[in-house]
**Student:** 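Take a look at the following structure, please.
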Amino acid sequence: MTLRIRHLRLRAETGAGPFGADIPFSTGLNVLWADNTKGKSTCLQGLLYALGLERMLSPRREIPLTYVMTSHLEEDNKSGVRHAILESSVSVELENSAGKVITVRRAVKSTGDTRLVTVFQGPQLTNPAGQYEQRDYFVLDPGAAQREAGFHRYLAEFMSWQLPRARRFDGSETMLYLETVFPLLYVEQKAGWSSMPAAFPSFLQIRDVGRRAIEFLMGLDTHELELRRQQLDIYIAASNSAWASKCAEIHSVAALANARVQGIPSTPIISVADIEASFLQAPAGDEWRPLDEITSALRGRIVTLRSAEVPDVEDMSDAAAEELIHVMEVAAEQNAKRNALFRARQMEIVQRASVQRRIAALEEDLQKNQDAQKLRNFGSKLTEAFATDHCPTCSQPIQDTLLAQQASAAVMPVEDNIEYIKSQRSIFQRLSAQIEAAIATVDRRLAAATTEVNETNSRLRALRADLISPSHSPSTATLEERLRAEARLETLEDVQQRFEQHKVMLVTLAGRHAQILAERQSLPADRLSAEDQAKLNHFTSLIQQQAASYGFTTFPAEEIEIAPDNFRPQKEGFEIGFELSASDAIRLKWAYHLALLELSRTDTTNHPGFVVFDEPRQQAAREISFQRLLERAASAKVAGQQVIFATSEDRGRLEGFLSRIDCAYRAFDGYIVKPLT
Amino acid sequence: MPSDFLNKLLDGPFELTSRPEPVPGDLRLAWGIALVILILGRSRGKRASLQKLHFMAHSARTKESREEVRLVFIGDRSSADLVVRVEPWLNRAIAFARAANLITLEHGRSLKLTADGLNTFERISSAESVMTEERAFLDVVSPRASEVAVEKVMRMERLL
């Protein structure tokens, strides 16, 4: 997981010969000293540039290096003489945790394409004699992070980084780019020091970019958990809709027999016993009875009809005449009942329309009240004038209404009013749901009544046919009844059978749903798992320790906390911001970045084991002694890590305390980029 | 017949407090004033006559009136079909807006947004979810509803 910077080389060809700088880096603390404006930042930014990470500083695709690498050079002791740059490049030698060394070179000024990065498979800078395979990769272009030939994909692999997926503002998925993680490893001279924990680039449009970058660098599980949670939510939604569509199917099957379903709700249930216990109900006369009861009664009737011989018309004409009168009465009764049902249905429909109108009106009013509430809290002149409930002219209390001020006794506050409308709306919504259910029930009874009426009518026709047909022909009425019963039985049995099949499928769905719910339940309720929390506590204590030893003064160092939701430093739940003195801000910043580095010594993280600090250019830095900070940073050596610090602090003082610290110190007299001899 | 218990309860001083009355959202101060500001902000020169204000406010207020007025301005309905009301709440909103120095009265005839008013207009216009329906309506109708056009509608003359 580590990345060590072994060597940095800057080269520029000018009319006056080649210029350049070579900076070897070793494990542990590396201190670079040079006076202001002699090229320190150029060197460090050269490092970012070589790795194609310059968009981390600014999304504009301009080369972040100063004129030293892009236009002209000056020499020490020859002020005013400028050498125009013909060609320039930056190279950096890197080593990963497997001990593999590569050299990366990128042109700054060149006739070629500066979006190309050349990778040599070996220590080309420290051992130029070797012959190393080389290959070109591209940076900056879309796909640099993901495509085979993209350098950032290569670099991530080299560092054994598996960059997680992240979500964009528009909801699409992308990956967490290297540019978003490196601000935690490289503290740039200007914006780098003034933002906490780091200046994360926003042009990549990644949601919660800072949080995601820190989660990744600290190797927290939250990301995985979050993704899994989202995934499970999608599964649950899918499972719900599969259940709902199965229910719809069952209802349409039931409708074939004018039956209704009992015991299957429209949202998934898990209990298999409950699903097994569900049944169909069909209207029989004025009441609803279980479908299988109706079926078995019908089956019995058919057996009776089949066993009886079909009588001749002559034998039963009296009975037929009598029955005809009876059936006619029945038909009239059934028609009356059907009409009554029809009227009931019409009434429900009228009711439904009026409830819906009412809901629409409530919703419009709710919207307006909510608008009024938002406007009151707007933080504008509007708020100033009217949230205070006082007349802007005479300062007397006024009521929040545009009705005449004396018209009403007391005006309901807008928040209450919103609740009041919402509760009304929910009453009407419930009413509307009841009406829908009532209409559905009436529809089924109406359908059943229609079937009954039709059956009675065909019975009437059969009886009439018997009465006018020749006396020795078989009775149509008897045959008709038998056929009708048989056909109905067939339908009912078919419906019952299909219902049972669907039930089996529901049981399968319920099983799957139960599994998903169980997994969802097993995810920790907090965003952070127990291990994550432990890591975060450790991280916090590392920051507190350092802040205390650096002389953090704004408030006691042990009051510094790290917010678990965005990982910013906070105190008593409030983000630490402007109240910090400028020097404390620098101390805290230093502590934060070193704490990330130190955390990786004891915990599993994705930290590559190096941090680069370019000394703050602000005046504030003058007040701090970097001695303590550097002493702490020197501990990196034991852990095999790297801290690179560039400074222009008073040289005598710096060398004074560096002599007591185990570090690699390089001081440059004059310009860092010098003529090569 | 009241029970003994009830008699005992009532046998002493008691007082009734009236429940605060719910107020429709469009009769809230902030809503009405915001509407005035939106109308003026979408008018030419950030100013409008009282007549136009009344017309636009009445039109923007409900879903039905928005639809009707939109139809009139695209020529699908005659201006004679419109019923425009002059409503007292609007006069009150104007008075409050003036008192809060959001609008001024120019030459006793037209109302104009002040710098503060303009500022507020921009805040409301850029807010994501405030008065979206009303703003959408004004976006469509305001460019057509000049003073002359409104005058014609009020006289039930043909617009096009």
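By convention in this document, chain letters (A, B, ...) are assigned in the order of the sequence lines, proteins followed by strands, and residues within each chain are numbered from 1. Only this structure's heavy atoms are used, side chains among them; waters, hydrogens and symmetry mates stay out.
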**Student:** Quick one: list whatever passes side-chain contact (heavy atoms from CB on, under 4.5 Å) with A:Gln205, sequence neighbours left out.
**Tutor:**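 A:Gln205 satisfies side-chain contact (heavy atoms from CB on, under 4.5 Å) with A:Arg168, A:Phe169 only.
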
**Student:** Restricting to pairs with a member in residues 104-113 of chain B, which pass side-chain hydrogen bond (donor to acceptor under 3.5 Å, both in side chains), not counting sequence neighbours?
**Tutor:**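 Listed by first then second residue: B:Arg47-B:Glu106.
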
**Student:** Does atom CZ of A:Phe203 have more than 12 heavy-atom neighbours from other groups under 6.0 Å away?
**Tutor:**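 More than 12 within 6.0 Å, yes.
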
**Student:** Once you round to the nearest 0.5 Å, how far does CD1 of A:Ile398 lie from CZ of B:Arg92?
**Tutor:**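 It is 12.0 Å, given to the nearest 0.5 Å.
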
**Student:** Let me confirm one number: the CG-CZ distance from A:Leu402 to B:Phe96, rounded to the nearest 0.5 Å.
**Tutor:**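 So the CG of A:Leu402 and the CZ of B:Phe96 are separated by 7.0 Å.
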
**Student:** Judged by atom type as modelled, is there a donor-acceptor pair below 3.5 Å linking the side chain of A:Asp365 to the main-chain atoms of B:Gly25?
**Tutor:**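 Yes, the answer is positive, given that a donor and an acceptor are paired below the 3.5 Å cut-off.
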
**Student:** Any side-chain heavy atom of B:Arg28 within less than 4.5 Å of one from A:Asn417?
**Tutor:**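 A side-chain contact exists here, since the closest heavy-atom pair is under 4.5 Å.
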
**Student:** Just wondering, do B:Pro24 and A:Lys368 contact through their side chains at under 4.5 Å, heavy atoms?
**Tutor:**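 The answer is no, as the side chains (C-beta and beyond) never meet within the 4.5 Å cut-off.
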
**Student:** What donor-acceptor contacts under 3.5 angstrom involve side-chain atoms of residues 355-362 of chain A, with partners at least two apart or in another chain?
**Tutor:**
| residue | atom | partner | partner atom | Å |
| --- | --- | --- | --- | --- |
| A:Arg358 | NH2 | A:Gln424 | OE1 | 3.2 |

**Student:** Between A:Val414, A:Asp416, A:Ile421, which has the largest tally of heavy atom pairs under 4.5 Å with chain B?
**Tutor:**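 Of the candidates given, the most pairs with chain B belong to A:Val414.
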
**Student:** Using atom types as modelled and distance alone, determine if a side-chain donor or acceptor of A:Asp371 lies under 3.5 Å from a backbone N or O of B:Val130.
**Tutor:**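 Side chain of A:Asp371 to backbone of B:Val130: no pair is present.
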
**Student:** Identify which part of B:Glu133 has an atom lying under 4.5 Å from any heavy atom of chain A, answering side chain, backbone, both or neither.
**Tutor:**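 Neither; nothing under 4.5 Å.
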
**Student:** A side-chain contact here means heavy atoms from C-beta on lying under 4.5 Å apart; do A:Thr401 and B:Leu29 qualify?
**Tutor:**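 No, their side chains stay 4.5 Å or more apart.
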
**Student:** Select all residues of residues 57-64 of chain B having any heavy atom within less than 4.5 Å of some heavy atom of chain A, and report them by number, or 'none'.
**Tutor:**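 So far as heavy atoms go, B:Arg61, B:Thr62, B:Lys63 are the residues that approach chain A to under 4.5 Å.
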
**Student:** Hey, are the side chains of B:Asp26 and A:Glu364 touching, using non-hydrogen atoms and a 4.5 Å cut-off?
**Tutor:**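 Not in contact.
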
